[in-house]
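Worksheet for the structure shown next.
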Amino acid sequence: MGEIFTSKKKLGFGLMRLPLLDDTDAASIDIETTKKMVDAFIERGFTYFDTAWMYCGFKSENAVKEVLTDRYPRDSYTLATKLHAGFIKTEEDCDKVFEEQRKKTGAEFFDYYLLHDMRQEHYKIYNELDCFNWIAKKKEQGLVRHIGFSFHDSAQFLDKVLTEHPEMEFVQLQLNYLDWESEAVQSRKCYEVAVKHGKPVIVMEPVKGGTLAQVPENVEQLFKNYHPDMSVPSWAIRFAASLDNVKIVLSGMSNMQQLEDNTGYMSELVPLNAREQELVRSAGDMINGNITIPCTGCSYCTDGCPMNIAIPKYFALYNEDRQEDKEQISKAEDYDRITADFGKAGDCVECGQCEDVCPQHLPVIKYLKDVALHFGK
């Protein structure tokens with residue numbers, strides 16, 4: 001399977017958290033800034049770009065055309081996108097989405113194509129609509145080079161999927177040092193299943209939606225004492241990239257500073273040594289003691305919210321406010337500012353759509369009640 005991923009550089013550009021012109025509008029992508037980031041990424045020898053149907057308010061794939069495919073030769077980069085079970089009802093829908101994706105991205109073919117967010121309820125849909133054969137046919141037709149799926153479920157279920165569908169060439173997993181031993185996410189166990197089946201791994205959420213980029217002060221000090229020049233997020237990305245079966249680590253870079261940092265230490269990757277492995281394990285224990293809501297900020301929950309509640313933003317503020325080892329100003333003013341453009345946490349009508357699409361399987365409704373109580377007047 002080694003020939004699937006030919007690049008020697010393990011960093012991939014995740015196009016889910018692009019720079020925005022308006023922080024309240026996920027679709028308002030700052031195209032000019034993104035162009036500069038893409039240029040720097042490619043100039044430094046990195047080639048892997050990852051997008052999906054619903055990213056950035058359904059505009060990420062459109063941005064790909066403007067910032068990448070219209071500006072670079074097709075053999076100078078590799079492009080991945082995905083088919084999500086939530087947007088297909090019939091077999092014909094799969095083709096409609098796929099052709100629209102080709103149009104939006106301007107790509108004649110995709111180097112990597114994934115069935116998105118594989119979990120038990122979506123697995124049923126993908127089987128009922130014959131999506132595994134459908135994606136295999138796209139590969140036969142030359143419209144897709146390599147086929148796989150992104151995954152959010154248990155290691156036991158991953159073993160089932162890979163056993164029943166050995167034609168899948170790779171797996172995209174949520175993997176980071178915070179979730180490595182988590183029984184909810186099962187990063188380590190899922191990674192080991194992929195290794196058992198001989199499937200290379202693409203890593204998503206290496207910094208867990210920014211959680212591992214803005215760590216508690218005691219954790220930051222732990223890292224800085226050992227290596228003052230290495231950024232906090234570099235520890236998380238290097239942790240994932242140090243695993244032998246990991247071929248690409250996706251980073252959702254939102255500004256040039258993040259891109260310059262990531263491409264700097266990933267140009268010549270130095271895997272974590274034994275002492276550094278001990279430090280990240282300690283950091284994970286320390287951070288887990290401070291996180292109340294393990295949200296990654298993917299925003300899958302927000303697009304269908306009938307009350308337009310900024311769920312990930314509220315969860316992030318709540319977590320920050322609950323960190324006991326930081327002396328900081330209350331986030332109540334930030335909460336009030338966001339509610340000027342979005343519904344309040346207490347506006348939730350408990351329709352449940354957010355919990356249906358949450359890759360982390362969080363009890364979102366319960367957490368919104370906690371947030372409403374915490375920031376309530």
* Decide side-chain contact (heavy atoms from CB on, under 4.5 Å) for Gln277 and Phe239; before the verdict, give the C-alpha distance in whole Å, the side-chain angles of both, and the deciding distance to 0.1 Å. => CA-CA 8 Å; Gln277 293 281 0; Phe239 170 82; 3.8 Å; yes
* To do: Taking the side chain as every heavy atom from C-beta outward, state whether Phe149 and Phe170 have any pair of such atoms under 4.5 Å apart.
  =>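 When only atoms from C-beta onward are counted, Phe170 and Phe149 do not touch, as no gap falls below 4.5 Å.
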Are [X] and [Y] close enough that a side-chain donor and a side-chain acceptor fall under 3.5 Å?
| X | Y | result |
| --- | --- | --- |
| Ser254 | Arg17 | no |
| Asp261 | Ser231 | yes |
| Gln221 | Tyr226 | no |
| Asp159 | His197 | yes |
| Thr51 | Ser60 | yes |

* Out of curiosity, does Met256 fall in the hydrophobic cluster containing Val232 (side-chain heavy atoms, cut-off under 4.5 Å, transitive links)? ->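 Yes, Val232 connects to Met256 through the hydrophobic network.
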* Derivation of the side-chain contact (heavy atoms from CB on, under 4.5 Å) call for Asp39 and Tyr72 -> CA-CA 9 Å; Asp39 291 345; Tyr72 283 93; 2.5 Å; yes
* **Residue of the set Tyr112, Phe41, Tyr77 for which ring pair (Phe, Tyr, Trp, His ring centres under 6.0 Å) holds with Tyr48** =>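 Checked Tyr112, Phe41, Tyr77 against Tyr48; only one passes ring pair (Phe, Tyr, Trp, His ring centres under 6.0 Å): Tyr112.
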Between [X] and [Y] (side chain of the first, backbone of the second, donor and acceptor by atom type, cut-off under 3.5 Å), is there such a pair?
| X | Y | value |
| --- | --- | --- |
| Lys208 | Leu178 | no |
| Thr78 | Asp111 | no |
| His152 | Leu173 | no |
| Lys224 | Met230 | yes |
| Asp70 | Glu66 | no |
| Glu169 | Gly148 | no |
| Lys104 | Phe58 | yes |

[X] and [Y] ion-paired at < 4.0 Å:
| X | Y | answer |
| --- | --- | --- |
| Arg74 | Glu108 | no |
| Asp50 | Lys82 | yes |
| Lys36 | Asp30 | no |
| Glu121 | Arg119 | yes |
| Lys139 | Glu167 | no |

Are [X] and [Y] near enough that their ring centres are under 6.0 Å apart?
| X | Y | result |
| --- | --- | --- |
| Tyr126 | His165 | no |
| Tyr314 | Tyr335 | yes |
| Trp235 | Tyr177 | no |

Taking only distance into account, with no hydrogens and no angle test, what donor-acceptor pairs under 3.5 Å do side-chain atoms of residues 366-374 form with protein atoms, sequence neighbours excluded?
{"unit_1": "Lys366", "atom_1": "NZ", "unit_2": "Asp370", "atom_2": "OD2", "d": "2.9"}
{"unit_1": "Lys369", "atom_1": "NZ", "unit_2": "Glu350", "atom_2": "OE2", "d": "3.2"}
{"unit_1": "His374", "atom_1": "NE2", "unit_2": "Asp321", "atom_2": "OD2", "d": "2.9"}

* To do: Name all residues meeting the side-chain contact (heavy atoms from CB on, under 4.5 Å) criterion together with Glu278; count only those two or more places apart in sequence or in a different chain, and write none if there are none.
  =>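 Expected list: Arg275, Arg281.
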* Is it the case that more than 12 heavy atoms not belonging to Lys59 sit under 6.0 Å from its NZ atom? ->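 Not more than 12 within 6.0 Å, no.
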* Determine, step by step, whether Asn176 and Glu205 satisfy the side chain to side chain donor-acceptor pair (under 3.5 Å) criterion, reporting the C-alpha distance in whole Å, the side-chain angles of both residues, the deciding distance to 0.1 Å, and the verdict. => CA-CA 7 Å; Asn176 55 69; Glu205 300 293 356; over 6 Å; no
* Looking only at non-hydrogen atoms, find the nearest pair between Ala194 and Leu162 and report the distance. =>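 Looking at all heavy atoms of both residues, the closest pair is CA-CD1, 4.4 Å.
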